[in-house]
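Right, one structure below, let's go through it.
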Amino acid sequence: MGPEFTERVLDLVDSIPRGRVLSFGMIAEVLQEGGPRQVGRVMALEGGAVAWWRVVRADGSLPSSLMVGAQEHYAIEGTPMRGNGWAVDMTRARWLLED
DNA sequence: CTCTTGACGCCGG
DNA sequence: TCCGGCGCCAAGA
């Protein structure tokens, strides 16, 4: 994978509005390139350069280690969360498919 | 060349 | 709701 894919992923993540999110799989789908795992690799390596908390798993969760820090951003951005507060409410926060 | 490893996703039990 | 299994695919060892 060239630096090109990495840049496309980071650019798309940069365009996600405050309070909204995209899943790893959705990003791969929008870019029509790679797959969820490739997007995951990019985020693991260079995600620190962008709003990484706006990229979550398909079910709205993130690894526990990242959830701790991510929650602060969700609170600030007013990101809709599911009951327990440990996962984003995808039906309301998913970008490009709902209001 | 063959495992093994992931910031993954989907389905079945 | 909570596993476990399988598909996926690039990178490392």
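Everything quoted here is computed from the prediction, not taken from an experiment. What you see below is based on every heavy atom in this structure, not just the backbone, and it leaves out hydrogens, waters and symmetry mates. Residue numbering restarts at 1 for every chain, and letters A, B, ... go by the order of the sequence lines.
Counting any heavy atom pair closer than 4.0 Å across all strands shown, A:S23 reaches sugar-phosphate atoms only and no base atom. Nucleic acid contact for A:L62: none, since no nucleic acid atom lies under 4.0 Å from a heavy atom of the residue.
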Just the table, please: protein N/O against nucleotides 11-13 of chain B N/O, every pair under 3.5 Å.
none

Every protein N/O within reach of nucleotides 2-9 of chain C N/O, cut-off under 3.5 Å:
residue, atom, partner, partner atom, Å
C:dC8, O2, A:R37, NH1, 3.4
C:dC9, O4', A:Q38, NE2, 3.3

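Contacts between residues 44-57 of chain A and DNA chain B, defined by a heavy-atom separation below 4.0 Å, involve A:A44, A:W52, A:R57, listed by number.
Residues meeting the salt bridge (Lys or Arg N to Asp or Glu O under 4.0 Å) test with A:D14, sequence neighbours left out: none. A search for salt bridge (Lys or Arg N to Asp or Glu O under 4.0 Å) contacts involving A:R57 returns nothing, not counting sequence neighbours.
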May I have the list of side-chain donor-acceptor pairs in residues 65-74 of chain A shorter than 3.5 Å, sequence neighbours left out?
residue, atom, partner, partner atom, Å
A:Q71, NE2, A:G85, O, 2.6
A:Y74, OH, A:W53, O, 2.6

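In this structure, A:M90 places its CE atom 13 Å from P of B:dC8, rounding to the nearest Å. The nearest whole Å value for the distance from the CG atom in A:L66 to the C1' atom in B:dG6 is 13 Å. In this entry the distance linking CG of A:L22 with C1' of B:dC8 reads 15 Å, nearest Å.
Within the 4.5 Å cutoff, the side chain of A:L10 has heavy atoms near those of the A:E46 side chain.
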